[in-house]
Undergrad: 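This is the structure I want to talk about, given as structure tokens.
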Amino acid sequence: MIARGEMLGPEQPVILHMLDIPPAEVLNGVKMELVDAAFPLLRGILATTDVVEACDGVNIAVMVGGFPRRNGIDRDTMSKNVSMYKAQASALEKHAAPNCKVLVVANPANTNALILKEFAPSIPEKNITCLTRLDHNRALGQISERLNVHVSDVKNVIIWGNHFSTQYPDVYHAKVVTRGRDKPARELIADDKWLNNEFITTVRQRGAVITKAHKLPSPLSVASSACDHIRDWALGTPKGTWVSMGVYADGSYGIPTGLIYSFPVTCRNGEWKIVQGLAIDQFSRGKMDAAAKELVEEKRLAYSCL
């Protein structure tokens, strides 16, 4: 997807730095396939197990490695992720391009991004994000299926909080294009029971359901969402549309500073900005605060492993 221009546009040449743990036979196979595909935009490929070599001069870092949690976060899992992200953050700090943009994909994504921020202090906090676009896209997909409309006609859902069990997929501000006009998604769905229960659970648990269905995680949708995240960050969000990104909390919507938390954002000129002034009802407030509470606990556990 990157080599085809789906991340940075059809005019932007790219050089791929791919990092793996030893042995790297898998990466060498990927490298050969990329060569064979003869992508016009692909100007170079590096496949390595050396984190310093991988980070050297990079403008965009997509961090996909990590020790995944299962039913929750324990000290052993967090300790392994702290060790990994400490080493990779240090390499980015010393060797990446000065304005490198970082997207953390590996779970626990929010807290892994926070660890990376801790050990890469010269990278601006606005340049360290985590992936909640996958959940955002899943929410769009569920609404489009429910209303039998094309997914491109649905916009402005929100993923608040964590990429885990407390994340809150919010449709209070979502719109659906119908006969050329924007209409509220909640009004068209007209089923608060479904929206406040099954819809939220489906989006939260979609990854586990996909894994059970074909015995693998969801690499296609994850990769596509990572491309979406970087593309909108680098090239801008369409007018009248926002997307969900895990970003450093600045106190907006009462979320404590010092967390990486998913907010609705718009992007322009390579910068993101949290959408302000959205009305928050009591139901949403409770869900947003629960997500913040979970992230505070993850942060406490992570810092205890430093």
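Counting begins at 1 with the first residue of the sequence.
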Undergrad: Thinking salt bridges, do Lys155 and Asp182 make one under a 4.0 Å N-O criterion?
TA: yes

Undergrad: Side chains of Gln276 and Tyr253: is there a donor and an acceptor less than 3.5 Å apart?
TA: no

Undergrad: Is it the case that Asn137 and Ser225 place a side-chain donor and acceptor less than 3.5 Å from each other?
TA: yes

Undergrad: Hey, any chance Leu27 and Leu46 share a hydrophobic cluster, counting ILVMFWY side chains that come within less than 4.5 Å of each other, even indirectly?
TA: no

Undergrad: Apply side-chain contact (heavy atoms from CB on, under 4.5 Å) to residues Ile210 and Arg138 and explain how you reach the verdict.
TA: CA-CA 12 Å; Ile210 290 172; Arg138 286 169 171 166; 4.3 Å; yes

Undergrad: Check the side chains of Thr48 and Asp50 for a donor-acceptor pair under 3.5 angstrom, ignoring hydrogens and angles.
TA: no

Undergrad: Would you check, one step at a time, whether the test side-chain hydrogen bond (donor to acceptor under 3.5 Å, both in side chains) holds for Tyr85 with Glu118?
TA: CA-CA 10 Å; Tyr85 276 84; Glu118 183 75 19; over 6 Å; no

Undergrad: In terms of relative ring orientation, are Tyr168 and Phe283 parallel, tilted or perpendicular, with 30° and 60° separating the classes?
TA: perpendicular

Undergrad: Compute both the distance and the angle, then confirm whether Lys287 meets the cation-pi test with Trp160: under 6.0 Å from the six-membered ring centre, within 45 degrees of the axis.
TA: no

Undergrad: Does atom NZ of Lys86 have more than 12 heavy-atom neighbours from other groups under 6.0 Å away?
TA: no

Undergrad: Kindly indicate, with the supporting measurements, whether the criterion side-chain contact (heavy atoms from CB on, under 4.5 Å) is fulfilled by Phe67 and Asn107.
TA: CA-CA 7 Å; Phe67 291 89; Asn107 288 318; over 6 Å; no

Undergrad: Would you say Arg133 and Arg231 make side-chain contact, with heavy atoms under 4.5 Å?
TA: yes

Undergrad: Quick one: does any side-chain atom of Ser262 pair with a main-chain N or O of Ile159 as donor and acceptor, under 3.5 Å?
TA: yes

Undergrad: Consider side-chain contact (heavy atoms from CB on, under 4.5 Å). Of Asn112, Leu134, Val222, which one does Val105 pass it with?
TA: Val222

Undergrad: Establish, for the pair Arg186 and Tyr172, whether the NZ or CZ atom is under 6.0 angstrom from the six-membered ring centre and no further than 45 degrees off its axis.
TA: yes

Undergrad: Side chain of Ser304, backbone of Leu301: donor and acceptor closer than 3.5 Å?
TA: yes

Undergrad: Does the side chain of Met1 reach to within under 4.5 Å of the side chain of Met7, using non-hydrogen atoms?
TA: no

Undergrad: Can a cation-pi geometry be assigned to Lys117 and Tyr248, taking NZ or CZ under 6.0 Å from the six-membered ring centre and within 45° of the ring axis?
TA: yes

Undergrad: What I want to check is whether the side chains of Asn99 and Asn59 have a donor and an acceptor closer together than 3.5 Å.
TA: no

Undergrad: May I ask you to decide if Leu220's main-chain N or O and Ser224's side chain share a donor-acceptor pair within less than 3.5 Å?
TA: no

Undergrad: If the condition is salt bridge (Lys or Arg N to Asp or Glu O under 4.0 Å), which residues does Glu53 pass it with, not counting sequence neighbours?
TA: none

Undergrad: How long is the span from the CG atom in Leu92 to the SG atom in Cys55, to the nearest 0.5 Å?
TA: 4.0 Å

Undergrad: Is there a side-chain contact between Asp170 and Val157 (heavy atoms, below 4.5 Å)?
TA: no

Undergrad: With a 4.5 Å limit on heavy-atom distance, are the side chains of Phe39 and Val14 in contact?
TA: no

Undergrad: Within the structure provided, determine whether Thr111 and Asn81 are in side-chain contact (heavy-atom separation under 4.5 Å).
TA: no

Undergrad: Between Lys80 and Asp76, is there a salt bridge with N-O shorter than 4.0 Å?
TA: yes

Undergrad: Determine whether the side chains of Thr129 and His229 contain a donor N or O and an acceptor N or O closer than 3.5 Å.
TA: yes

Undergrad: Grouping I, L, V, M, F, W and Y whenever their side-chain heavy atoms are under 4.5 Å apart, do Val30 and Leu19 come out in a common cluster?
TA: no

Undergrad: Can you tell if the side chain of Glu271 reaches within under 4.5 Å of the side chain of Trp233, non-hydrogen atoms only?
TA: no

Undergrad: In terms of heavy-atom contacts, does CZ of Arg204 have more than 12 from other residues, nucleotides or ligands at under 6.0 Å?
TA: yes

Undergrad: To the nearest 0.5 Å, what is the distance between OG (Ser165) and CD (Gln205)?
TA: 9.5 Å

Undergrad: Students often mix this up, so state it plainly: with edges at 30° and 60°, are the rings of Tyr261 and Phe263 parallel, tilted or perpendicular?
TA: tilted

Undergrad: Would you say Glu298 and Leu259 make side-chain contact, with heavy atoms under 4.5 Å?
TA: no

Undergrad: Can Asp281 and Arg285 be counted as an ion pair, charged N to O under 4.0 angstrom?
TA: no

Undergrad: Taking C-beta and beyond as the side chain, do Asp135 and His163 meet within less than 4.5 Å on heavy atoms?
TA: yes

Undergrad: Any sub-3.5 Å donor-acceptor pair from Thr237's side-chain atoms to Cys267's backbone N or O?
TA: yes

Undergrad: Can a donor-acceptor pair be found, under 3.5 Å and without considering hydrogens, that links the side chain of Asp153 to the backbone of Val149?
TA: no

Undergrad: Asn127 side chain to Cys100 main-chain N or O, any donor-acceptor pair under 3.5 Å?
TA: yes

